[in-house]
Amino acid sequence: MSIGRPGPERHWQRLGFDRSVPRETVHKTAAAEVLLTDAERLGDERFAVGASWRRDHYLAHHGGPAADPVLLAETARQTAIYLSHRFFGVAHGVPFVLSGISVELFEALPPVDEEYLAVGLDVVCRKPAGGPRLRLELDADVVVRHRSVGRARVRWEPMEPRRYALLRRRGGQGPGEAGPRTAPSCVPLPPARVGQLAERDVLLAADASAAHVWWLRLDRAQPVLFDHDSDHVPGMTLVEAFRQAARVASADGRPGASGATLLDVTFTAFCEPDVPVSITAEPAGRGAGVFTLRAHQAGRELASAEVGHGVPESSAVRLEAAC
């Protein structure tokens with residue numbers, strides 16, 4: 001089926017949007033979880049990346065008024081992996097370590113009200129100066145329906161397997177570290193409160209003893225979060241948990257999961273699958289609706305985030321000139 005293009009420029013016309021890239025090039029097992037369709041190098045560090053969204057939320061289709069920014073974050077994450085393999089010579093089977101991922105929207109993402117929504121990422125991808133290791137970062141302008149609607153950024157490192165194994169051994173949870181080894185008795189939050197439809201997609205359980213403190217719920221049968229075997233909890237699980245927690249903290253009662261306009265997440269440690277994880281939220285102190293969130297496990301911080309709600313005054317640019 002032929003679908004629309006993100007913009008009028010010639011590179012968007014050249015890219016294919018009807019067929020997904022091979023699953024292994026974005027580290028996915030299920031074809032349904034592959035969002036990317038094509039990519040083209042436009043310059044030494046510049047790339048055009050195409051994606052097709054078949055649902056409007058990272059975890060499920062809601063039929064809501066706008067697409068979910070976490071779905072955009074996952075698109076950017078897959079872009080980082082795909083560019084590494086196709087254009088930077090990273091071999092398949094090499095572990096990837098995610099350091100940070102962020103999405104900032106100028107306006108709400110459009111709804112996915114057709115069979116597909118064509119999304120374009122105009123990417124600058126480079127290796128920061130210094131050091132022999134292949135650390136990479138990308139900064140992407142997000143183009144949908146001929147509009148620049150936001151930006152996405154990713155920082156990551158393809159890591160030599162032996163070094164990754166050493167890092168995992170050193171970074172594992174030791175028996176003497178502080179923090180609870182079992183989660184307190186908690187009740188999952190209602191799906192609607194976190195912008196979900198099904199209980200299996202709720203990643204938070206309430207802590208009756210503290211406000212704005214939740215415990216991470218993990219369902220290893222969840223097909224999106226646990227698409228393939230991993231020795232740690234996927235980073236995107238924490239991204240979605242932060243989105244849910246910020247929604248609850250901001251008392252955002254709108255239907256769907258599309259209220260966040262800022263998701264800025266930094267990862268500092270691996271999340272182990274068998275140790276409880278607490279999620280906390282507090283006002284960031286830089287405007288209403290912006291919260292600082294943290295994930296802790298066994299006494300150490302795994303990740304932190306700033307999540308903001310409320311669509312800012314639109315600064316989107318309509319793209320009309322071909323190049």
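These numbers were taken from a predicted model, which means no experiment stands behind them.
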Test item: side-chain donor near acceptor, [X] and [Y], under 3.5 Å:
X: Trp156; Y: Ser84; answer: yes
X: Trp215; Y: Asp207; answer: yes
X: His85; Y: Glu24; answer: no

How far apart are the C-alpha atoms of Leu71 and His57, what are their side-chain angles, what is the distance that settles it, and do they pass the side-chain contact (heavy atoms from CB on, under 4.5 Å) test? CA-CA 6 Å; Leu71 186 62; His57 186 265; over 6 Å; no
Is it possible for you to say whether [X] and [Y] belong to one hydrophobic cluster, with membership spreading through side-chain heavy-atom contacts below 4.5 Å?
X: Leu138; Y: Val94; answer: yes
X: Leu262; Y: Met236; answer: no
X: Val224; Y: Leu218; answer: yes
X: Val290; Y: Val239; answer: no
X: Val124; Y: Tyr82; answer: no

I'd like to check [X] versus [Y] (side-chain heavy atoms, cut-off strictly below 4.5 Å). Are they in contact?
X: Arg86; Y: Val21; value: no
X: Phe242; Y: Ile279; value: yes
X: Val233; Y: Phe270; value: no
X: Val142; Y: Val144; value: yes
X: Val149; Y: Phe106; value: no
X: Arg243; Y: Asp68; value: yes
X: Ile101; Y: Phe267; value: yes
X: Pro110; Y: Leu117; value: yes

Nearest heavy-atom pair of [X] and [Y]: which atoms, and what distance?
X: Ile81; Y: Thr25; value: CG2-O, 3.3 Å
X: Thr237; Y: Leu203; value: O-CD1, 3.5 Å
X: Gly64; Y: Asp56; value: N-OD2, 2.9 Å
X: Leu109; Y: Ala66; value: O-CB, 3.1 Å
X: Asp201; Y: Gln244; value: O-NE2, 3.0 Å
X: Trp214; Y: Thr280; value: CZ3-C, 4.3 Å

Relative to each other, are the rings of Phe47 and Phe88 parallel, tilted or perpendicular (30° and 60° limits)? tilted
Does the plane of the ring in His27 sit parallel, tilted or perpendicular to the ring in Phe96? Use 30° and 60° as the thresholds. perpendicular
Take atom CD of Glu160 as the centre, draw a 6.0 Å sphere, and report whether it contains more than 12 heavy atoms from other residues, nucleotides or ligands. yes
Side-chain ([X]) to main-chain ([Y]) donor-acceptor, under 3.5 angstrom:
X: Arg163; Y: Leu166; answer: no
X: Arg247; Y: His309; answer: no
X: Thr268; Y: Leu302; answer: yes
X: Arg5; Y: Leu15; answer: yes
X: Arg294; Y: Ala281; answer: no
X: Arg217; Y: Val202; answer: yes
X: Gln222; Y: Leu225; answer: yes
X: Glu40; Y: Val49; answer: no
X: Thr37; Y: Asp18; answer: no
X: Asp227; Y: Ala30; answer: yes

Who are the side chain to side chain contact (heavy atoms under 4.5 Å, CB included) partners of [X], not counting sequence neighbours?
X: Leu197; result: His62
X: Arg155; result: Ser99, Glu137, Thr266
X: Pro223; result: Arg200
X: Ala165; result: Arg169

Straight-line distance of [X] [atom1] to [Y] [atom2], nearest 0.5 Å:
X: His212; Y: Leu293; atom1: NE2; atom2: CG; answer: 10.0 Å
X: Leu204; Y: Arg193; atom1: CG; atom2: CZ; answer: 9.5 Å
X: Gln297; Y: Ser278; atom1: CD; atom2: OG; answer: 9.0 Å
X: Asp38; Y: His11; atom1: CG; atom2: NE2; answer: 12.0 Å

May I ask you to say whether [X] pairs ionically with [Y], meaning some side-chain N is under 4.0 Å from a carboxylate O?
X: Arg147; Y: Glu107; result: yes
X: Arg135; Y: Glu157; result: yes
X: Lys127; Y: Glu45; result: no
X: Arg46; Y: Asp139; result: no
X: Glu115; Y: Arg54; result: no

Test of understanding: with side chain to side chain donor-acceptor pair (under 3.5 Å), list the residues that count as partners of Arg41, not counting sequence neighbours. none
Going by side chain to side chain donor-acceptor pair (under 3.5 Å), name the residues that satisfy it together with Gln78, two or more places apart in sequence or in a different chain. Glu74
What verdict does the side-chain contact (heavy atoms from CB on, under 4.5 Å) test give for Leu83 and Val123, after you've listed the backbone C-alpha separation in whole Å, the side-chain angles of each residue and the deciding distance to 0.1 Å? CA-CA 10 Å; Leu83 295 181; Val123 177; 4.0 Å; yes
Does the pair Val265 and Leu238 meet the rule for a side-chain contact (heavy atoms from CB on, under 4.5 Å), with working shown? CA-CA 9 Å; Val265 182; Leu238 293 179; 5.8 Å; no
Let me see the working for Tyr164 and Asp231 under side chain to side chain donor-acceptor pair (under 3.5 Å), right down to the final yes or no. CA-CA 11 Å; Tyr164 176 83; Asp231 63 358; 3.0 Å; yes
Of Arg23, Arg55, Lys28, Arg77, which is the lone residue that meets salt bridge (Lys or Arg N to Asp or Glu O under 4.0 Å) with Glu33? Arg55
Kindly determine whether Leu136 and Leu134 satisfy side-chain contact (heavy atoms from CB on, under 4.5 Å), including the steps that lead there. CA-CA 6 Å; Leu136 295 166; Leu134 183 59; 3.9 Å; yes
